[in-house]
Every structure is written in structure tokens, then in C-alpha cells.
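Scroll down for the structure; my scribbles are underneath it.
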Amino acid sequence: MSETVRVRFAPSPTGYLHVGGARTALYNYLFAKNKGGTFILRIEDTDLERSTDESLRMQLSDLQWLGLSWDEGIDPDTLEDQGEYGPYRQSQRLEIYRKYCDELLSKGLAYYDFRTDEELEKIKQASEKFTRIPRPDNILPFEEAQKKVREGVPAAVRFKVDGKEDHVIEDLVRGEVRLPEDMVSDFILMRSNGMPVYNFCCAIDDALMEITHVFRAEEHLSNTLRQKMIYEALGFKLPQFGHLSLILGADKQKLSKRHGATSCNQYRETGYLPQALLNFVALLGWSPGNDQEILSEEELMEKFDGTRLHTAGAVFDQEKFKWMNSVHLRALENQKLWNHLKPLFEKENISLPENEDFIHKSLEIFKPKMETLADAPELFRPIDGKLFEVTEEADEVIAWETTPEVFNAWEEELKKHHNMYLTPEEFDEAQNHVKEKVGVKGKQLFMPIRVAVIGKPHGADLKSLVPLIERESLIARVKQCRGDK
RNA sequence: GUCCCUAUCGUCUAGAGGCCUAGGACACGUCCCUUUCACGGACGAGACACGGGUUCGACUCCCGUUGGGGACGCCA
């Protein structure tokens, strides 16, 4: 009895995927998964000026990175259609729009508008409190207008917004939303260059692709009114809409570039995990209804059924996102985490042992200190002897009266051993010997040693850290700290 | 300006008339763990925008005010 759920995400390929877009895509994806439905990717590329294949590929790559795979749409590599309802790129559906446009034109539900940009601009300037574009004084009869168009006179096609009735939309998020029809003016269906415009394509495609539910941002509310009119004029069945609250910046304005990082790609490049981004944006405007905040994709799928969506906007809190990323990062299996980290080490020219033992031990020490993947190079750099350097932070410690003695004693201890690495026990023993010999304890003791190991007074626990570094390298480091040549 | 949407700690949120002296999380503060830094743990501070109704009873329902946001494109 219940029809199959078909939802879509319909980005326009202009730049990277925005986090708001990621959330919209996620909700639609989760809803499809939750209902056993189909998730469709449609490309809204009718704006020739701004849409590029490069952007398209960037968006597809972002979606893939997030793991939001689609059942119908276009192949991310070949960009070829996949599915029964194609083409899935609006730029390849032009004849379809043309056909429906002619239908509306011939029925008198739409008309050719021969006014130029300049004329329209003049009209806008003329009225003080301009809100809507007025209908032209004399609309040519269809046949006559068509003839003129065929002769090459440019004209846009506008939909006639006549009625004075209110439209009621049963919104999945907001309940009954009443929109007065005169809220919008006669809107464009086809540009004068022959390209159809968003509201028209969207309505036609959603109808033809048999979309059942549309989750999209609140800013589309007035478009929904336009699209409803198109649906009705063409006799299509309206899908269910759910208008999502907006994601806001710290100043409560719609999240945009001036708020800093807003594209998925930026987060990807600064060391965020896709599962963290998904988890975080999922909770911006929706909650599972309990106190659980860390959710896997599977849990999200299971719990997201299109209800419990918030009506008010949500501020994107970078701090909390960072925290959530650190939680997902710590939950990651060591080997998987290492695979994420490897390219970063290579990029920074940090050479590290790659045996299982080292990976496990080092990650156990450094994982709690990482918030993003990008924190790893700083943490691991001191392990690589060739990159060892004494930082300014260490100056104070080096200046302590007893520090040179600690350095010497530490070096002597290291020289007593012969194995490549010290064990944690051997380190303890060595440290105790230094303590007895120099007669210092506490900060006076371990801070100089830490400086001699990683070049700075703060960092990971020495007992776990020292066994990860070659003894020879440790000796070289003390020398360097002491200023030996 | 017009229309639409919206309103619980600084932020994300739980709360669907009595379970609320309003719960959780981030951030913040104190303490514990720790010979540093993190992680972890305990505790603390911190909110129902305001005014009217409805009701025996409102954070929860209705109306208004105020605040915030969005739309008003031959962008999507």
C-alpha cells in the first residue's frame, strides 16, 4: 500500500559541496535508507555561467568522501547516467522542459515576456517599495508571440500567477504552512537564452522522477509555492516537502563563506573525518530523541525517519565539531587511523617505523592528544631523529643550574645500553640513576630529560615515548641540546 | 518595506499540560588521576524572550509584542 520512497539530492555544480548541502544530502540519504527507498542524485546545471564539470566532479568527490552513495544519478567517474529516470543532468533534459513549457504557453498559463533586463531594471528603480515584478501591460497572444520569437526576438517565458487564493503545504517539518499566492510575482520558466530556470526544472524533474519526499532548506519555501503552481498547472502529483531549518554562523546569519570553513572539502583537508562531519551535521536540526550524541552511519539510518526535525536554525559550532571529530578519531582502529595519517607524514617528510608494534604503541600515546588528523605531524615529528630540534619553550629548562648535569647523566645512562631501543623498565631505571647521581627530582629531573628527548618540556609520557626512539638518536639529541658539535 | 518561518543554558539539544526545584553534550571554572601535556573521572556555574489568555495546573496549547532568520533574481 505504501508507495516506494524516492528522494533526491540535487546540487548545482558551482564549487565545493557546502556543509549545508551535505546535511541536506545526508537527510535525504538517511530517509531513503530508513524507508528502504531510493536515493537519487540529480545535477541542477542550468546556469551556464556558473556550472562547470570541474565543480561537478568536486561535488561528486565530496559526496563519495562522505560515503553518501546514490542509487540513481550519474557515474562519478564517467559522468554517465545510471538509472531508469535519466538523464540526471538538467542540461541534458532541455527538450523535456521545452515540451512542458509549450504546453503551459499554449494553455495560456504562461506567456512570453519581451522586456529586456534594462527595462526591468528601470521598473525596479521607478518604484520605491519594490517587491514584485509587475506583469507587462500587453501580453501578445500566444501565436503572435511565438512568431516573433521564431523571428529571433529574445523573450523569457513567465508563469502566470493569477489567483488570490492561499496555498497550504503540509510540511513534514513545520506542519501546515499557508502561503499567499501573491507572495510571488509572475516568475521565469525559461530564460531568454532558451535555458530553463531552477523552479521549472525542479518541478518537472521531481514529478517525472517520481520523487515522493523532498527535504530541502527553508530558504526554498517560496520556491515550493512556485513549484506547487507548476505541479497543478501540469496535473502532477505533489511530493511531500520538509523544509529544514538553516545552518547558521556564529552571528546567526545563514552560514556562508565569510564564516570561515564551510565546504566539506576544507574540513576534509584540515583533518576531519567524514563520519564526524556526518554525525555533527545530522545533529544540527535533528536529534534522535535521547541523549546519544555519537552516532554511526548505521545508527543514523536506523533512527532518522523524517520526524524530530527542528524548526529553528542551528549555529554551526566549530568547537563542538572539533570535539566530535576527536571522539570519532579515538574510536578509530589503529591501523585505519594510521592509513589516514601516512600521507600526512609523507607530506611533512617525517620518517617513522611502520611495524605493527610501533603503530600500536605510538598511536596509543598520541591518539588522546589529537583532535584532527592534522595534529598528527606535530606529535610524531619529534620521533624522527633527523627532524629533532630544540624549541624556544625549552630555553627556560636548559637555563636551570642542574640541567647540564642531568643531560650528562642521561647520556651516560643511554651509553650503558646496547640494544636499539630501551624498554620502559630500562627507562625507569635510567631515570632513577640520573636522579641519584645529580640529586634532583620532580620537574628539575624529568623536564630536562624530556627536552633531551623531544626538544620541548611538555608532551607525552616519557616512559612510553622513549622506547619508541632509537637509543643512538637519543644520544645525538642530548648532544644537540648541550650544544655539542 | 512586503510576505513567510522561528524563539529552552554562550552553542547543539531533551522536554509532546502535572514526571521540571528543566535533563544531556560542547565550551567554561574547581577538584581528582598524572613527576609535564593530553585522555579519563567528580563537582560547579549557566536557559524556558516578554505580555495576555485557555486550564485545577503551563517550558509545553492559543493570541499578541519583541527578538532572530529567510524569501522577494532571466541563481539554485
Side-chain angles (χ1 to χ4, degrees), chain A residues 10-14 21 44-47 49-51 90 113 115-117 120 124 127-133 154-158 171 173-174 177-180 182-185 187-199 201-202 216-225 243 245-246 248 250-254 280 283-294 308 310-324 326-327 330 364-371 375 379 397 431 435 441-447 449-450 454 456-463:
Chain A
S12 69
T14 55
E44 312 224 321
D45 56 352
T46 55
D47 184 351
E49 311 277 296
R50 301 199 301 155
S51 304
Q90 292 183 331
D113 184 352
R115 290 174 296 186
T116 60
D117 282 347
L120 290 170
K124 284 187 195 177
S127 60
E128 281 285 299
K129 292 180 190 169
F130 171 81
T131 49
R132 300 164 58 221
I133 292 170
V157 177
R158 278 183 196 274
D171 191 89
V173 180
R174 285 151 219 281
V177 179
R178 187 171 294 270
L179 304 165
D182 61 3
M183 184 177 169
V184 297
S185 44
F187 55 91
I188 299 281
L189 261 23
M190 289 279 185
R191 299 172 170 94
S192 52
N193 70 1
M195 285 301 278
V197 112
Y198 165 75
N199 277 299
C201 301
C202 184
R216 54 157 57 142
E218 182 183 28
E219 53 194 343
H220 284 291
L221 223 26
S222 63
N223 287 327
T224 301
L225 171 59
H243 288 94
S245 55
L246 262 17
L248 314 172
D251 59 358
K252 303 255 190 185
Q253 309 272 312
K254 183 164 77 167
F280 186 69
L283 263 23
L284 246 32
W286 174 80
S287 100
N290 54 29
D291 287 342
Q292 191 180 358
E293 297 211 84
I294 302 298
R308 311 190 54 80
H310 248 230
T311 46
V315 174
F316 189 99
D317 183 349
Q318 306 275 348
E319 282 302 318
K320 186 157 186 176
F321 180 32
K322 199 175 248 191
W323 163 79
M324 189 168 281
S326 75
V327 173
R330 262 174 255 134
E364 286 307 308
I365 307 170
F366 295 132
K367 234 197 307 201
K369 298 180 190 299
M370 293 167 60
E371 289 187 306
D375 293 330
L379 260 12
V397 174
Q431 194 182 36
K435 184 178 174 181
K441 58 182 180 180
K443 276 163 67 168
Q444 313 292 321
L445 171 70
F446 66 82
M447 281 206 174
I449 298 181
R450 178 172 286 108
I454 59 172
K456 46 190 174 187
H458 301 289
D461 178 38
L462 284 172
K463 190 173 173 180

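The sequence lines fix the lettering, A, B, ..., with proteins before strands; numbering per chain opens at 1.
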Electrostatic pair A:K463:A:D461 at N-O distance under 4.0 angstrom: no

Charged N-O contact under 4.0 Å between A:E293 and A:K320: yes

Closest listed nucleotide, where the reference is the side chain of [X] and the choices are [options]:
X: A:I133; options: B:G73, B:C26, B:C5; result: B:G73
X: A:E218; options: B:U35, B:U13, B:C5; result: B:C5
X: A:S287; options: B:C74, B:G10, B:A14; result: B:A14
X: A:Y198; options: B:A76, B:C26, B:C4; result: B:A76
X: A:E293; options: B:C5, B:C3, B:G24; result: B:G24
X: A:R174; options: B:G24, B:G73, B:C5; result: B:C5
X: A:V197; options: B:G23, B:C75, B:U36; result: B:C75
X: A:W323; options: B:C26, B:U36, B:A76; result: B:C26

5'-most by nearest nucleotide on RNA chain B - A:F316 or A:R50: A:F316

Earlier contact from the 5' end, RNA chain B, for A:S245 and A:A155: A:S245

Write down the distance separating the [atom1] atoms in [N] and [M], rounded off to the nearest Å.
N: B:U21; M: B:U2; atom1: C1'; answer: 46 Å
N: B:C12; M: B:G68; atom1: P; answer: 16 Å
N: B:U11; M: B:G57; atom1: P; answer: 33 Å
N: B:C9; M: B:A49; atom1: C1'; answer: 13 Å
N: B:C63; M: B:U54; atom1: P; answer: 15 Å
N: B:A7; M: B:U13; atom1: P; answer: 11 Å
N: B:A38; M: B:G46; atom1: C1'; answer: 26 Å
N: B:G51; M: B:C32; atom1: C1'; answer: 48 Å

Report yes or no: is there a donor-acceptor pair, N or O only, under 3.5 Å between the side chain of [X] and the base of [N]?
X: A:N199; N: B:A76; result: no
X: A:K320; N: B:A25; result: yes
X: A:T311; N: B:C5; result: no

Ignoring backbone atoms, test whether [X] places a side-chain nitrogen or oxygen under 4.0 Å from the OP1 or OP2 oxygen of [N].
X: A:R308; N: B:G15; result: yes
X: A:R158; N: B:C74; result: yes
X: A:T14; N: B:A76; result: no
X: A:R216; N: B:G70; result: no
X: A:K252; N: B:A7; result: no
X: A:H243; N: B:G70; result: no
X: A:R330; N: B:G40; result: yes

So do [Y] and [X] actually touch side chain to side chain, heavy atoms under 4.5 Å?
X: A:T46; Y: A:R191; value: yes
X: A:I133; Y: A:R158; value: yes
X: A:S245; Y: A:R174; value: yes
X: A:L189; Y: A:V197; value: no

Take the protein atom [atom1] of [X] and the nucleotide atom [atom2] of [N], then report the distance between them rounded to whole Å.
X: A:L462; N: B:A38; atom1: CG; atom2: P; answer: 16 Å
X: A:D461; N: B:C39; atom1: CG; atom2: P; answer: 15 Å
X: A:H310; N: B:G69; atom1: NE2; atom2: P; answer: 19 Å

Which is true for [X] with a 4.0 Å heavy-atom rule: it touches a base, it touches only sugar-phosphate, or it touches nothing?
X: A:A156; result: base
X: A:N290; result: nothing
X: A:A460; result: base
X: A:L120; result: base
X: A:K322; result: nothing
X: A:T46; result: sugar-phosphate
X: A:Q431; result: base

Non-neighbouring partners of A:F280 that pass ring-ring contact (aromatic ring centres under 6.0 Å, His included), sequence neighbours left out: A:F316, A:F321

Counterpart residues, ring-ring contact (aromatic ring centres under 6.0 Å, His included), relative to A:F366 (two or more places apart): A:F380

Base-pairing assignment for B:G51 (Watson-Crick or G-U wobble, both under 3.5 Å): B:C63

